Amino acid sequence: MSAARPSTQRRPVAPPTPTPQAKPQISLEEWDAKAPLSDLALKSVAVIKAASEKTPLPLKFNVDDDDDASRPSTPNLRVTAKLGSGSRPSTPVHAFTRSLPSHALDPKVPIQTPQQFYDWFAQIDRSVAHSQEAHFRAHVAMVAEHLNTADMLIERIDGVEREVDGMFEGWRSVEESGKSLKDACERLLEERDKLLELTDEIGTRLEYFQELEHATRMLNHPGESLVLQTDFLYMVERVDICIEYLKAHRHYKEAEVYLLRFQQCMTRAMTLIKMFFIGSLRALTADVSKRLSEKDVSATSQMHLLYTRFRSVTPQLTPLLGELERRAAAHPEELSALLSECHTAYFGARKSLLIGRLMEEIRGLDPMHTELVELTNAGCSYLKHLCTDEFDLFRNFFDSGEDHLYPYLENLCDYLYDDLRPRILHETRLTTLCEVCTVLQALMVLDVAELPDEPPDELSVDPDHPEPRGLGKFHISHLLQMVLQDAQTRLFFKAQSAIQAEIRYYAPKPEDLAYPDRLVAARKPVSQFDIKEKESVSQLFQLSSLDKKETWYPTLQKTVWVLSQLHDFVKPAIFEDIAQEAVSLCRQSLVSSSNIIGQRNTPVSTLDGELFLVRHLLILKEVANNLDLVRKDAQPQMDVGMTDTLASILNRTTALLPDALFASLGMPRGHKSITDARHDIDQDLKRACQNLIMLCAKAPCDPLREWVDRVRAFSTSRGASPLTNEPGLVPPLTEQDWARQSAAEDLHAKFLESCERDLRAAVTKLRLYLENNRTVSVLVTHVKEAVVDGYMGYRDAVWNMYAGALKGILLSEERLKERLSSICEE
């Protein structure tokens, strides 16, 4: 079968065509979409499809042989005839046989020999085999037909692919040619753009050079109206831009020449502005001066002429002056002189108009006879209003020139200061100098410095949105500072003079030392018609413990008064120095006066002297605590009050230790910044309190201590215990006249009587001098402890004497404390 089948034709494979890139894979749907078939092609495909669906049956299943399909067909006569045509002679046939129709397989000649039979039989066998393989051959034929059809389709497809490849090659050629054309066009466009950009850049650069011709042509037409033209300021702006550009590009050809010519144009333009401003200012000044020289010109008319008339020309002059100021700031070497001439002309014109009016106002104040405070208030208030008006008017014209404006205003103020300064330097009253400082500080209280305005980003002329003025706020302190310094200096020296004369060298009068009579008189009700001296307004000494100043010693009164006057008007460093000096001198005067009082009528006045010193040192210490004489970073918990400090000083366990004393005063141990004034106050206060406690306990306790000391001396001299009664010439202790039981009982009774009389009187004086109950209670507590200590020594000495006979009358420590408390609290 394979031999009978024709050789299968295979699709020739086309040699690979070199392509710039790999052929993309496409699907069947994409192929149908890109290469649609025509109607005729679609019909051909349909016919082929229908024919392939109906496969013909093999020959063995022919309709004519349906009945004999199960066996081979009988050879016909033609077969026999064919077989009979062999090499052997055919067998003779009968007559009836010849008459039958022949079959292809019938022998051609009769079979006569076995060989002929074998040949015929082989032929029959081959025929049967051939008939049995007929359907295979038909199928092979059909397959061959299909292969031929498929080969034809493959050939047509190959032809279509060749056509498509040709089309693709053509498209690729067109694409490459179009891309080359596009690239060439883009290069041409880029070259054109570069040429246009170069042309624009050249034109832009040439505009700066061409601007010179326009500026020169405009400046060659002189006349006052030139600066008022709209194009003038635009031309100035363009010239300024050209100057900046040429400065940044000096490497351009002839840039230096054009830069010099542009600078000349700028100088000419600014000179025209200066000339126009000075001319307008002179004309306006002449007109206003003529109007002011007329008679019966009211104050309102003067204000109108001096300020409103000048403001009326600012819309015309301000833009021009603004251009001059900006250019002078950008080119100070060339144009600052022109701006200075404008300032000088302006200040000269204003001064010529204001001098007469200013002198008239100063004469109206009568500076030689008017009270100094009133003169300062009226004169400085007038100068403040005048300088404020001048400052506002100057701002309407100029946006800079503050360094020229304040000297001009100071020159106006000098007309008043020439009369005011001598009055201040010769003033002797401290209160008047303080009031002068108060007036000047009140005029300066609203003078708060403002932050400078930020400079504009670009120099542009926009009449609809003018730039903010650059002078800021008017500072009157620049003008009043000189007078205030004179007043403060005079106040400082006058305060020093008062401290030396009325504190350091103060000679006390008898009534100044009349203590406690002054305290008793102060407790009487005051008449409502009594007029007191004005109290200090400083908040430094507004404390409840500083009341009743009329009972103070005069040096303490003067110290507090001087410091309260100075506190708000001098610098803190100066105030600290003078305050330390005043407190130190006041402490020395108090110690001296206390000694005088104590020596006046001893021993009664001794207690008065110590109470006087304690009272005034406590007040002086509280004053010193408010003077900020210690470091700013002192710990808050160490700031104790007057009573707490006194309690710490008088503490029995720490009073004798310097470090403990410092701690009780609210100061760290070994602090290097402690002032001598406060330290001396603390030391004197400590000594005075110890002396006061000793004096209060002296009357009841001294007899007991003397008796106990005598007993101890007697016992020591005998070399034995006081209770031992050895025989000898010297009688025993209990038989001595001064040591008998009756003497001891009298001594005990006198102690109780002294406590009732002397201790009660001492506590009463304590409450008279020290009106603070807490302070009195601190001192009384220590006095009671001193009395208890003295009594307990006596009690220990007599407890075992006299066979214990005095145990019934002796007081225990608790009973004695209760009795002393009842005495001191009544």
Side-chain angles (χ1 to χ4, degrees), residues 288-289 292-293 297-299 302-303 305-307 344 346-394 402-447 474-498 565-566 568-571 574:
V288 171
S289 178
L292 289 175
S293 62
V297 180
S298 62
Q302 291 181 3
M303 291 295 295
L305 292 173
L306 290 174
Y307 295 100
T344 303
Y346 174 83
F347 293 138
R350 294 298 303 172
K351 187 175 181 180
S352 64
L353 295 175
L354 292 174
I355 290 301
R357 182 167 174 262
L358 178 61
M359 295 296 295
E360 183 179 354
E361 290 288 341
I362 294 176
R363 285 193 297 269
L365 295 176
D366 192 10
M368 300 304 297
H369 303 88
T370 306
E371 182 67 24
L372 178 58
V373 178
E374 182 181 354
L375 176 63
T376 303
N377 188 15
C380 293
S381 298
Y382 170 74
L383 288 180
K384 180 179 180 180
H385 291 301
L386 176 64
C387 293
T388 302
D389 293 337
E390 286 297 306
F391 185 87
D392 294 338
L393 182 62
F394 183 81
E402 190 171 355
D403 52 342
H404 296 85
L405 173 60
Y406 280 102
Y408 159 71
L409 297 178
E410 290 176 0
N411 186 264
L412 295 180
C413 295
D414 286 341
Y415 289 93
L416 174 64
Y417 294 169
D418 291 342
D419 295 325
L420 185 59
R421 188 175 293 111
R423 293 285 305 275
I424 292 176
L425 296 180
H426 291 84
E427 179 60 44
T428 58
R429 293 169 296 178
L430 199 64
T431 55
T432 301
L433 294 173
C434 292
E435 291 178 1
V436 170
C437 294
T438 302
V439 170
L440 295 175
Q441 289 180 347
L443 293 175
M444 299 164 59
V445 68
L446 298 179
D447 187 13
F474 173 55
H475 303 292
I476 189 62
S477 60
H478 294 340
L479 307 178
L480 300 180
Q481 188 65 32
M482 186 180 302
V483 181
L484 180 61
Q485 289 178 355
D486 291 339
Q488 290 175 340
T489 302
R490 179 59 180 172
L491 179 63
F492 173 75
F493 286 111
K494 185 60 183 175
Q496 278 191 327
S497 176
Q565 296 294 323
L566 289 179
D568 297 328
F569 305 111
V570 296
K571 295 181 179 180
I574 299 176

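Just so you know, residue 1 is the first one in the sequence shown, and it goes up from there. Small disclaimer: the values here were computed from a predicted structure and weren't measured.
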Among residues at least two apart in sequence or on other chains, which ones pass side chain to side chain donor-acceptor pair (under 3.5 Å) with [X]?
X	answer
S298	S301
Q488	none
T432	R429
H426	none

**Message:** Holding to ring pair (Phe, Tyr, Trp, His ring centres under 6.0 Å), I want the full list of residues that pass it with F493, two or more places apart in sequence or in another chain.
**Reply:** none
[X] [atom1] to [Y] [atom2] distance, which is reported to the nearest 0.5 Å:
X	Y	atom1	atom2	value
L358	L383	CG	CG	6.5 Å
L440	L420	CG	CG	7.5 Å
L393	L306	CG	CG	9.5 Å
L566	K494	CG	NZ	12.5 Å
F474	D389	CZ	CG	10.0 Å
H478	C413	NE2	SG	12.5 Å

**Fill in**
Of all heavy-atom pairs linking L372 and E427, the shortest is CD2-OE1, 3.7 Å
**Message:** Can you give me the closest heavy-atom contact between S477 and M444, atom names plus distance?
**Reply:** CB-CE, 3.4 Å
**Request:** Say whether, by atom type as modelled, one donor and one acceptor occur between the side chain of Y382 and the main chain of I362 under 3.5 angstrom.
**Result:** no
**Asked** Got a donor-acceptor contact below 3.5 angstrom from the R421 side chain to the D486 backbone?
**Response** no
**Message:** Within a 6.0 Å radius of atom CE on M482, are there more than 12 heavy atoms belonging to other residues, nucleotides or ligands?
**Reply:** no
Considering residues at least two apart in sequence or located in another chain, which fulfil the side chain to side chain contact (heavy atoms under 4.5 Å, CB included) criterion with [X]?
X	answer
C434	L491, Q565, F569
S381	N377, L443
A349	L281, T285
E374	T370, E371

**Request:** Only pairs at least two apart or in different chains count here, so list each side-chain hydrogen bond (donor to acceptor under 3.5 Å, both in side chains) that has a residue in residues 409-420.
**Result:** K351-N411
**Item:** With R350 via salt bridge (Lys or Arg N to Asp or Glu O under 4.0 Å) - residues at least two apart
**Value:** E390
**Request:** Could you give me the CA-CA distance, side-chain angles and deciding distance for F391 and I476, then say whether side chain to side chain contact (heavy atoms under 4.5 Å, CB included) is met?
**Result:** CA-CA 10 Å; F391 185 87; I476 189 62; over 6 Å; no
**Prompt:** Can you list every pair that meets ring-ring contact (aromatic ring centres under 6.0 Å, His included) and has a residue in residues 347-379, with sequence neighbours left out?
**Reply:** F347-F394, F347-Y408
**Asked** Side-chain contact, heavy-atom cut-off 4.5 Å: L480 with C380?
**Response** yes
